Amino acid sequence: MLSPAILESNIYNFMALFHFLVFSLCIACCKVDARSKVQLKEQNHFTTSDNTMRQVDNEFKCVDIYKQPALQHPLLKNHKIQLHPTFAKNVVQSRPSYDRECPTGKVPIYKRIKRHQIVTNSSLKLPVVDLRHYAQSTKEFHTVTLDSTQNQIFYGAFAKISAYNLSLNPYQYSTSSVIVESGPPSELNSIHAGLGVRPDIYGDSQLRLTTLWTAFGSGNPGCSDNKCAGFVQVTQDKLYFIGSVQYPTTPIGASEKYHLEFKIQRDKSTGNWWLIVNNPEVQVGYWPRDIFTHLSTGASKVRFGGETFAAPNTVSPPMGSGRLPQDGFQYSALMGVLQHIDTNYNQIDLYPAYMKVYNDAKKECYDLMFKENLTFLYRRAILYGGPGGHCNL
């Protein structure tokens, strides 16, 4: 039997060895974690918003999928809802999460869309709901985009859009979108999807998942978000639905950018145009082919960039991050991995020779710079946006 002195000595030695091993393990873990963070900064400036814990936006209600506003469209009275695109791979039906998803058979619909607020200044008095319609007939509507020029049919487009906070007035809006179009100007069909600030719809300056579609020509204001029937929502996800608040956002000057991935893709079997966001993918919903004429068979153009509006006798709002692309990567808004989707569902990086910049504003207000190879991860990208101001040419 060991003496008390020897036993005490053995216990002391064991405890010393144990603490040494724990201390060594902590040092190793810290080194690995630090190295991982350095590698992340060196290799990947893009981070998705799901990397940060998010709270669910409660300004919505879970609506029966067959009673959603979209089905009030006169062309969709007998529409059969498509729950998943036929091009989707490995669709897994997850069990609904009370915190993250609506119950089975229901979809989140934003419930506080503003419809009757009046904007007034020295020369303007009109319902805010009419801003986009009013914008089409004024010079206060500005677009800065990178547009395709090749003669071919597209089945969609993809981009990663950086997320920034902007502070806007009720008579302004600013959006950043992936766009597909088809048809002559008088009959233009278009779909826009991306991130935007829309005080005219939601009454605040929060960054949201926003959309727009039109089927009646470039002079028609079209339909923004769920303000009119048309977009059929199928996701139960409370974080990614039309009008949902998107955060975190990117601080000005940050070397890493929060972003959201956006894909608009036509389903070859049904002709419906699907909106898919994030990675892993969330199939938000689709625009039925029945509401379009020219887009029913494909798109003739894809576009990437921003749009703004301001009421007359006011200044145009900021676009993107509010900084010009000449300020560089850390300050300017970014759309990366710009791709078009061909009729075989291949996602193809843009061809520089078949793209051109469209800008109807003064360059000190908004500008756009195309980067053929920004980095290995971003590949073909644009830096775009600006502070706004008095922007009419």
Side-chain angles (χ1 to χ4, degrees), residues 56-77 79 81-83 101-103 105-117 127-133 135 168 170 173-180 189-216 220-246 260 262-264 272-278 282-292 295 307 309:
V56 172
D57 176 11
N58 291 317
E59 297 298 333
F60 67 90
K61 55 185 176 181
C62 291
V63 175
D64 187 309
I65 192 171
Y66 293 100
K67 295 181 181 179
Q68 62 179 294
L71 301 182
Q72 297 174 10
H73 193 290
L75 296 176
L76 302 178
K77 288 183 178 179
H79 181 73
I81 293 179
Q82 181 182 2
L83 295 178
E101 297 181 346
C102 286
K106 295 191 175 185
V107 295
I109 301 293
Y110 200 85
K111 63 184 179 181
R112 294 184 61 186
I113 290 179
K114 305 186 72 175
R115 298 185 184 279
H116 303 294
Q117 180 179 347
V128 174
V129 70
D130 292 333
L131 273 188
R132 181 157 182 98
H133 183 276
L168 271 62
Y173 68 71
S174 181
T175 60
S176 299
S177 305
V178 175
I179 304 168
V180 295
N189 292 188
S190 67
I191 295 173
H192 306 225
L195 297 172
V197 178
R198 295 295 304 261
D200 55 319
I201 298 178
Y202 301 103
D204 58 41
S205 283
Q206 296 192 85
L207 187 70
R208 297 176 183 271
L209 194 160
T210 61
T211 63
L212 168 75
W213 66 272
T214 183
F216 308 107
N220 188 281
C223 181
S224 298
D225 294 358
N226 286 319
K227 291 187 70 64
C228 56
F231 181 81
V232 179
Q233 191 162 286
V234 299
T235 184
Q236 298 170 233
D237 199 316
K238 297 176 183 178
L239 298 184
Y240 302 106
F241 62 93
I242 303 301
S244 58
V245 175
Q246 297 302 308
L260 198 62
F262 283 87
K263 182 194 296 184
I264 302 172
N272 300 329
W273 287 88
W274 279 83
L275 172 60
I276 299 170
V277 303
N278 214 13
V282 176
Q283 298 156 7
V284 180
Y286 61 91
W287 294 267
R289 66 168 294 168
D290 299 327
I291 63 176
F292 297 112
L295 272 177
E307 296 175 308
F309 169 76

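On a predicted model such as this, the values are computed, not experimentally measured, just so you know.
The distance from the CD1 atom of Ile242 to the CD atom of Gln68 is 10.5 Å, given to the nearest 0.5 Å. The structure places CD of Gln283 at 9.5 Å from CD of Gln82, a figure rounded to the nearest 0.5 Å. If you take NE2 on His192 and OG on Ser224, they are separated by 9.0 Å, rounding to the nearest 0.5 Å. To the nearest 0.5 Å, atoms CG (Leu260) and CG (Leu195) are separated by 5.5 Å. For the atom pair CD of Glu101 and CG of Leu239, the computed distance is 9.5 Å after rounding to the nearest 0.5 Å.
A side-chain donor from one of Gln246 and Ser244 sits under 3.5 Å from a side-chain acceptor of the other. Using modelled atom types and a 3.5 Å distance limit, the side chains of Tyr110 and Asp225 yield no donor-acceptor pair.
By the 4.5 Å heavy-atom criterion applied to side chains, Gln233 and Pro108 are counted as neighbours. Annotation: side chain of Phe262 is not in contact with side chain of Ile264 (no heavy-atom distance under 4.5 Å). Proximity of Ile65 to Leu83: side-chain heavy atoms (C-beta onward) are separated by under 4.5 Å at one or more points. The side-chain heavy atoms of Val107 and Thr235, taken from C-beta on, include no pair separated by under 4.5 Å. Using a 4.5 Å heavy-atom cutoff, the side chains of Val180 and Trp273 are in contact. Taking 4.5 Å as the limit, some side-chain heavy atom of Ser190 sits within range of a side-chain heavy atom of Thr214.
Taking both residues in full, the closest heavy atoms of Arg208 and Asp204 are given as NH2-OD2, 2.7 Å, listed atom of the first, atom of the second, then distance. Summarising the geometry of Ala229 relative to Pro69, their closest heavy-atom pair is CB-O, 3.3 Å, with the distance given to 0.1 Å. Between Leu275 and Ala193, the shortest heavy-atom distance links the atoms CD1-CB, 3.6 Å. Across every non-hydrogen atom of Gly196 and Thr210, the tightest pair is N-OG1, 3.6 Å. Across Asn272 and Pro288, no two heavy atoms sit closer than the pair OD1-CA, 3.3 Å.
Ring geometry for Phe292 against Trp213 counts as perpendicular: the plane angle is over 60°, on a 0 to 90° scale with 30° as the lower cut.
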* **Full working for side chain to side chain contact (heavy atoms under 4.5 Å, CB included) between Trp274 and Val234** => CA-CA 10 Å; Trp274 279 83; Val234 299; 3.7 Å; yes
* Before giving the answer on side chain to side chain contact (heavy atoms under 4.5 Å, CB included), spell out for Leu207 and Val197 the whole-Å C-alpha distance, their side-chain angles and the decisive distance to 0.1 Å. => CA-CA 5 Å; Leu207 187 70; Val197 178; 4.2 Å; yes
* Could you walk me through whether Ile201 and Tyr173 pass side chain to side chain contact (heavy atoms under 4.5 Å, CB included), step by step? => CA-CA 9 Å; Ile201 298 178; Tyr173 68 71; over 6 Å; no
* To do: Output, in order, the C-alpha distance, side-chain angles, deciding distance and verdict of side chain to side chain contact (heavy atoms under 4.5 Å, CB included) for Phe231 and Val284.
  => CA-CA 10 Å; Phe231 181 81; Val284 180; 4.0 Å; yes
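For the ring pair (Phe, Tyr, Trp, His ring centres under 6.0 Å) test with His79, the passing option among Trp287, Tyr66, Tyr286 is Tyr286; the others fail. Tested against Ile191 for a side chain to side chain contact (heavy atoms under 4.5 Å, CB included), the candidates Ile179, Leu295, Thr211 yield a single pass: Leu295.
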